[in-house]
Amino acid sequence: MSAPPVIRVDDLVLSYGGEPVCAPVSFTLHPGRALGLVGANGSGKSTVLRAVLGLLAPVSGTLTVLGRPVDERERAFRAQVSSVLDDDAYFPALTVGEHLLLTARGHGLPDAGDVVLELLEDFGLIDHANVLPVALSSGQRRRLLLAAGFARPRRLLVLDEPEQRLDQRMRARLAERLRAETAGGGAVLLATHDPELLEAVAHRAVLVADDTSARLSVADAARAIRAEPAR
Ligand SMILES: Nc1ncnc2c1ncn2[C@@H]1O[C@H](COP(=O)(O)OP(=O)(O)OP(=O)(O)O)[C@@H](O)[C@H]1O
């Protein structure tokens, strides 16, 4: 028997108070798998991620994470779900190293110091460990936020366009890390506009759109991204 899904979404409808943001969305995500959300700008990918994280209540449909309706205030939810959204959520008065250490220790990670050192090296931040976020480039700040997403225990990792502002080398390293995440039994849900990252990491994809939200193979989803009209 296969393990129960980490996320189950059935006919999920989301809105910010007016019309639905996109067509109803359905998918399941199992442990050890990565699912990519693809779709044009403004199609609703981040909105779906927000719902999965409990930041937006569904209008209708069902949504369970780790077998329960989402309540981001529950300790069990916070202990198992790590996310990196498209925002600059860091402590301005903590250095890069302090930020990662606080995250790791706050979540009770064993060997926090060793984990932080490894993350600083892997995300190319070792020379900036004692620097405040304000003195980082925008790509370096993005690396810090991504590193923080890995600086804690998790069964589900939710990432909103993690490729943003990363150079090619760092994108490849991120892809490697995400492959290791699923190989180790973790689940990954990511919204992306990067067909190469999708192909490197995801097992399945969902196209989020106005008219219909379709479940796609990774090859078809990568093709859909490459066919998106330039804006
Ligand atoms: N807080 C909000 N209040 C009202 N409308 C919102 C809010 N956030 C997003 N929207 C609208 O919801 C729609 C979907 O936005 P969303 O950010 O989910 O798209 P996306 O697929 O992630 O886009 P992108 O690829 O540009 O990041 C857009 O029309 C957007 O204007």
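Source: prediction; values computed, not measured. One-based numbering, in listed order, for ligands and for the atoms of each.
With a heavy-atom cut-off of 4.0 Å, Ala40 touches ligand 1 through its backbone alone.
Protein heavy atom closest to atom 11 (C) of ligand 1, with residue, atom name and distance, is Tyr16 CE1, 4.0 Å. At the top of the distance list for atom 17 (O) of ligand 1, counting protein heavy atoms only, stands Ser46 CB, 3.6 Å.
In this structure, atom 25 (O) of ligand 1 has a protein heavy-atom contact shorter than 4.0 Å. In this structure, atom 30 (C) of ligand 1 is not in close contact with the protein, since no protein heavy atom lies within 4.0 Å of it.
Using a 4.0 Å cut-off to heavy atoms of Arg50, the atoms of ligand 1 that qualify are 8 (N). Below 4.0 Å from some heavy atom of Asn41 lie the following atoms of ligand 1, by number and element: 23 (O), 24 (P), 25 (O), 26 (O). Near Thr47, meaning under 4.0 Å from any of its heavy atoms, are these atoms of ligand 1: 14 (C), 15 (O), 16 (P), 18 (O). Those atoms of ligand 1 that come under 4.0 Å of a heavy atom in Glu161, given as number and element, are 24 (P), 25 (O), 27 (O).
Between the Arg141 side chain and the Leu136 main chain, a donor and an acceptor come within less than 3.5 Å of each other. Between the His203 side chain and the Ala34 main chain, a donor and an acceptor come within less than 3.5 Å of each other. At least one donor-acceptor pair under 3.5 Å links the side chain of Gln80 to the backbone N or O of Ala76.
Between Ser46 and Asp160, the side chains place a donor N or O and an acceptor N or O closer than 3.5 Å (distance only, hydrogens not considered).
Residue Gly42 has at least one nitrogen or oxygen atom sitting less than 3.5 Å from a nitrogen or oxygen atom of ligand 1, judged on distance alone. No N or O atom of Gly39 sits closer than 3.5 Å to an N or O atom of ligand 1.
Put simply, no part of Ala191 is less than 4.0 Å from ligand 1, judged by heavy atoms.
Side-chain atoms of Leu63 and Val52, non-hydrogen and from C-beta on, do get closer than 4.5 Å to each other.
Electrostatic pairing of Arg142 and Asp167 does not count as a salt bridge here, judged by no charged N lying under 4.0 Å from a carboxylate O. The pair Glu121-Arg143 fails the salt-bridge criterion, with no side-chain N (NZ, NE, NH1 or NH2) lying under 4.0 Å from an Asp/Glu carboxylate O. Ion pairing between Glu199 and Arg179 fails under the 4.0 Å rule for side-chain N and carboxylate O.
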